[in-house]
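Working notes for the structure below.
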Amino acid sequence: MKTYEQINQRIESGKAVVLTADEIIDYVDKKGLEAAAEEVDVVTTATFGPMCSSGCFLNFGHSKPKIRMSEAWVEDVPVYTGIAAVDVYLGATQLRHGDPANMYYPGEFRYGGGHVIEDLIAGKTLQLFALSYGTDCYPLREMRTYFTIDDLNQAIMVNPRNCYQNYNVAINDSDKTVHSYMGCLEPRRKNANYCSAGQLSPLLNDPAYDTIGVGTKVWLAGAQGHVYAEGTQHAGDCERTPGGVPTGGAGTLALTADMKQMRPEFVRGASFRGYGISLGLGVGVPIPVLNEDVLKRACVRDRDILAPVVDYSGDYPRNTGKIICHVSYEQLRNGEIEVEGQTVAVGSLSSYHTALEIANLLADEIRSGDFLLARPIAPLLKDTKMKPLVAREKRDERNGD
Amino acid sequence: MSETATKKLMLFFPRWESEKPIIYHLVKDYNLVVNVYRAKITPEEEGYLALDVSGNMVDIERAMDFLGTFDVTINDAEKGVTRDTERCTHCGHCVVHCPSGALYIGDEASREVAYNAERCIECLACIRVCPYAACASGF
């Protein structure tokens, strides 16, 4: 049994033994669980894929005279101003002002929130345009200026939902191409797309949330950030394999970090034709090898992780909940799966290549003593399900409804 | 005795050249097997033809001279779709949509996406499906 404090001491003294979630599988096969649990201090997990529920809070500082922004755009992408005078929130999926969306289907969605975030972190000069209804204390009515991330007081990424623990495999049963956030799905089940790092993925390596919780320190696009809450739609109470691994989308993490510390290669605006805009984000999460059980779960393999195949032409939009079948990530990575007797080509939206890069970068940072682990301050819950949105009539309380 | 070869060509037509039967002559007069990847030929509009021609090298040379007699811009640099490896995140979405296998997983262990320009048939599917705009066409 090891504690966080012991592991951090080893990290600080440059003696920590760190392996990626990819390397640990063969390592434990060779050395055995008991010996490996003694030797190995940290297993690094990672993922890189489109994470729509992402965005950032920016603070511009005060102008002479002052302005209380009530409407604002950065590079013509609207930002949310319903907070303090010069604070804004910029969301990853926000379309640019005037973007035709899907009016001429399928829309291209070339530039939006996610791309502004990418450009900001890459150090580009961006335009701010803001309007104000004007107040006694904030009299300025209009402001147009150009800025870079260095001109901002704060640029803090706050993502309500990242790192989905497993996800659907999308397929298209209809005769027409389906454009979705899971990419382009050709008709008659010609291709199926998945989006997960599988055996490298953070929450799939800690399926019961034993070490990853609120307060866990994470590597977010190169910056040292942390989990600030359970992610939206976090649903720990889900179907699991006998090994405890969820067989569909389950847990999620809400992450935050300082954008001024981020690396632009790991924060990329993403355009999904016919669907919209997202943000390709790289996340690394370290798992402290506290005991043999934690290590055993971190040795999960692609062949032991199942994903549900869902029809995105009918079942998904109609929210029927129907699952056609389950396939393993090993089968998915082979490039072909069998769905009801038909061979289906497989595409991916999650970059295993970049996830491997991140797992190794995080491992290097830990080995060189630059990244310490944090004990969670609260656990992620295992007993919550996702509630639906129900269209209801308004209840009239006065008449005793 | 001549070598056979395949040559990739991109031809650009101004409005007034779009009505000439070029492919017909390439086949009949120069014995070339023509494989059209992508074409936009509308009367009275600028157009292009992305194709490859296969046959013996002497015939291909003569066909190139023949094409030179038209008011057509010939691009035989064999460069069509280009892939920016800095922008590519190796997600793998393009691989499943590429009909000719020009985009493929180059290394199974690292899942790196690789591109073989020779196999590209300019269908432009990769440009449409890449979320990070890593692929582009010069034309």
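Reminder, nothing fancy here: chain letters follow the sequence lines and each chain counts from 1.
- The minimum heavy-atom distance linking B:Glu86 with A:Arg268 is given by the pair O-NH1, 4.1 Å.
- Using a 4.5 Å heavy-atom cut-off against chain B, the contacting residues of residues 269-276 of chain A are A:Gly269, A:Ala270, A:Ser271, A:Phe272, A:Arg273.
- A donor-acceptor pair under 3.5 Å is formed between the side chain of A:Ser351 and the backbone N or O of B:His90.
- Of all residues in residues 171-194 of chain A, those placing a non-hydrogen atom less than 4.5 angstrom from a non-hydrogen atom of chain B are A:Gly183, A:Cys184, A:Glu186, A:Asn191, A:Asn193, A:Tyr194.
- A donor-acceptor distance shorter than 3.5 angstrom exists from the side chain of A:Ser348 to the backbone of B:Cys91, with no hydrogens or angles considered.
- Annotation: side chain of A:Glu108 is not in contact with side chain of B:Arg128 (no heavy-atom distance under 4.5 Å).
- The environment of B:Glu46 atom CD is sparse: at most 12 non-hydrogen atoms of other residues, nucleotides or ligands sit within 6.0 angstrom.
- Across every non-hydrogen atom of A:Ala345 and B:Val96, the tightest pair is CB-CG2, 3.6 Å.
- With a 6.0 Å radius and a threshold of 12 heavy atoms from other residues, nucleotides or ligands, B:Glu61 has its CD atom at or below the threshold.
- Put simply, CD1 on B:Ile105 and CG on A:Asn334 are 11.5 Å apart, with the number rounded to the nearest 0.5 Å.
- For chain B, the nearby parts of A:Arg333 are the backbone and the side chain; heavy atoms of each come within less than 4.5 Å.
- Only the side chain of B:Val129 comes within less than 4.5 Å of a heavy atom of chain A; its backbone N, CA, C and O stay farther away.
- For CZ of B:Arg15, the number of neighbouring non-hydrogen atoms (other residues, nucleotides, ligands) closer than 6.0 Å is 12 at most.
- In this structure, the portion of A:Leu356 lying under 4.5 Å from any heavy atom of chain B is its side chain and not its backbone.
- Although no hydrogens or angles enter the test, the distance criterion places no donor-acceptor pair under 3.5 Å between the side chain of B:Arg111 and the main chain of A:Thr354.
- Neither the backbone nor the side chain of B:Cys94 comes within contact range of chain A; no heavy atoms are under 4.5 Å apart.
- Contacts of B:Ala125 with chain A are absent, with no heavy-atom separation under 4.5 Å from either backbone or side chain.
- Counting non-hydrogen atoms of neighbouring residues, nucleotides and ligands closer than 6.0 angstrom, the NZ atom of A:Lys124 reaches no more than 12 such neighbours.
- For A:Arg110, the CZ atom counts as loosely surrounded, since its 6.0 Å shell holds 12 or fewer non-hydrogen atoms of other residues, nucleotides or ligands.
- For A:Tyr104, the OH atom counts as loosely surrounded, since its 6.0 Å shell holds 12 or fewer non-hydrogen atoms of other residues, nucleotides or ligands.
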